[in-house]
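The figures here come from the full heavy-atom set of this structure, side chains too, leaving out hydrogens, waters and symmetry mates.
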Amino acid sequence: MHSNKIPEELSLPALLLDLPAFEENCRQIARHSNGKKIRIATKSIRSIEVIKRILDSDPVFQGVMCFSPEEAIFLSENGLDDILIAYPIWDKKALADISILNSKGKTIICMVDAAEQVDHLAHIAEETKGCFYLCIDVDMSTTFFTLHFGVRRSPLKDSEAVLKLAGKIKQSANIKLIGVMGYEAQIAGVGDKVPSQWMKNRAIDFLKKRSIQEVEERRNKVVHALQQEGVSLPLINGGGTGSLDSTTREDVVTEVTVGSGFYSPKLFDYYQGFLYKPALFFALPIVRKPAPNIYTCHGGGYVASGPPGKDKVPEPVFPAGGKLLDLEGAGEVQTPVHYENETLEIGDAIVFRAAKAGEICERFQEIVCLSDQQVVGRFKTYRGEGVCFI
């Protein structure tokens, strides 16, 4: 998008996809896959129609990753397969359904990182006469002296611990280990070009470079240890949008997960070397002019998850130069925006970018596709499909 000129037939607020920018992002991600398969992170997309559009755009896009068992079932019911659930789950009803779907030819892969989870899945598979495909989650965080650099995910930190869990999986007939995953969040999910944080950016850049080498070595050791024990691993998953370049260069990796890069939200402006174009926006109508140079929009309080801060709030981008008010920010029912050199009227639109990708889709029932400021399509979000996954 290049302006706040919104087609007159649109009802506002509206979620907008710049289709040419989105399609260019798909092409760029495919070009930088380095021969690896790209798995789509559905939590960053949250629209069946958009997910299928990505999958159809290039053969490199294969499989999806979600975080909810109910979402995995929903995706399967809508014609998708090769579904990796990125986090351990416990919901017995959903797991029973997944076990049965797998026995009927579907491939829905569950994540494990503890013996209790394996026992739980084995018991359900026995009860349902179904089966589970498993992926072991390996911790990829790094430690520098007393600094923990990464996220708190798996307790499995070395090949010995992974082999022990793999041995337990072998003991059950109805569960099968088919892969390992390691998410290097400290590389894929941490900005290193944040405004007004020069020293912190330098430190993060240094830590990332050190961490890339350590992550590769750890993943290699784990994979080779499993292979020496005769474990076949068709799935070796790593990375994210922010680490696509480094993770695809690892020889043992078979696939990299990408999600946010397709929409390119605001937080990814803070990454060095980021290639993708802003593609997802939302437009709010101006409904008040409470003071000179202040224009109040309806709604807009779409604040992203993570540590609270100004980087998590939406940013007005069209017209350029808009600023949120420090004492109000983006509000649930109204959002005032200050412009120094713009003359806007009640009924005009202000276009924003959200800080993160998929979360904004929970606030709208459809994504309106635009090309050359014309509506060229409408895609339902998960919310528009009548589902919500938590």
Side-chain angles (χ1 to χ4, degrees), residues 39 41 65-67 69 84-91 95 98 108-126 131-190 207-208 210-240 243 246-247 249-257:
R39 184 177 293 272
M65 173 188 283
C66 63
F67 75 93
L84 175 62
I85 304 174
Y87 298 83
I89 52 178
W90 199 260
D91 186 312
L95 285 170
I98 288 170
I108 302 175
I109 307 155
C110 292
M111 195 67 62
V112 294
D113 59 30
E116 298 93 325
Q117 298 155 3
V118 174
D119 288 337
H120 188 55
L121 293 169
H123 179 69
I124 292 171
E126 185 177 350
C131 63
F132 285 109
Y133 304 107
L134 302 189
C135 181
I136 293 178
D137 192 359
V138 184
D139 177 63
M140 287 293 154
S141 63
T142 52
T143 302
F144 299 99
F145 302 105
T146 60
L147 173 66
H148 179 85
F149 191 46
V151 294
R152 303 289 184 176
R153 289 177 61 102
S154 171
L156 306 177
K157 303 183 185 300
D158 54 41
S159 53
E160 182 180 351
V162 173
L163 285 173
K164 185 176 180 181
L165 189 62
K168 184 171 184 61
I169 294 170
K170 274 187 177 181
Q171 297 171 10
S172 297
N174 295 334
I175 59 177
K176 181 180 181 182
L177 177 62
I178 65 168
V180 296
M181 182 186 85
Y183 176 47
E184 51 272 39
Q186 70 274 24
I187 304 165
V190 178
L207 292 173
K208 278 188 174 186
R210 288 280 301 273
S211 192
I212 286 171
Q213 181 178 354
E214 186 173 329
V215 162
E216 182 175 5
E217 291 173 356
R218 188 181 310 171
R219 189 152 30 218
N220 271 326
K221 287 180 180 178
V222 166
V223 170
H224 290 148
L226 286 167
Q227 289 173 341
Q228 286 174 2
E229 292 295 317
V231 179
S232 176
L233 295 170
L235 186 163
I236 303 170
N237 180 282
S243 71
S246 61
T247 309
R249 295 179 188 276
E250 293 186 34
D251 290 338
V252 299
V253 168
T254 64
E255 62 176 47
V256 177
T257 301

Contact summary for [X] and [Y], nearest pair of heavy atoms:
X      : Y      : answer
Asp137 : Ala86  : OD2-O, 4.4 Å
Met111 : Ile136 : SD-C, 4.0 Å
Thr257 : Ala41  : CG2-CB, 3.7 Å
Pro69  : Ile85  : CA-CD1, 4.1 Å
Cys131 : Ala125 : CA-CB, 4.4 Å

Apply the test side chain to side chain contact (heavy atoms under 4.5 Å, CB included) to residues Leu177 and Lys170: give CA-CA distance (whole Å), side-chain angles for both, the deciding distance (0.1 Å), then the verdict.
CA-CA 8 Å; Leu177 177 62; Lys170 274 187 177 181; over 6 Å; no
Let me confirm one number: the [atom1]-[atom2] distance from [X] to [Y], rounded to the nearest 0.5 Å.
X      : Y      : atom1 : atom2 : value
Lys168 : Gln117 : NZ    : CD    : 11.5 Å
Ile98  : Ile109 : CD1   : CD1   : 11.0 Å
Leu95  : Trp90  : CG    : CH2   : 9.0 Å
Lys164 : Leu156 : NZ    : CG    : 10.5 Å
Thr247 : Ile236 : OG1   : CD1   : 13.0 Å
Leu121 : Asn174 : CG    : CG    : 11.5 Å

Under the side chain to side chain contact (heavy atoms under 4.5 Å, CB included) rule, what do Leu226 and Leu163 come out as? Steps first, then yes or no, please.
CA-CA 7 Å; Leu226 286 167; Leu163 285 173; 3.8 Å; yes
Are [X] and [Y] close enough that some pair of their side-chain heavy atoms sits under 4.5 Å apart?
X      : Y      : value
Phe132 : Ile124 : yes
Gln171 : Val118 : no
Met65  : Asn237 : yes
Pro155 : Asp113 : yes
Lys221 : Asp158 : no
Val112 : Ile169 : yes
Ile178 : Leu134 : no
Val252 : Arg219 : yes

Would you say that more than 12 heavy atoms from the other residues, nucleotides or ligands in this model lie under 6.0 Å from the CD of Gln227, or not?
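Check passes, neighbour count above 12.
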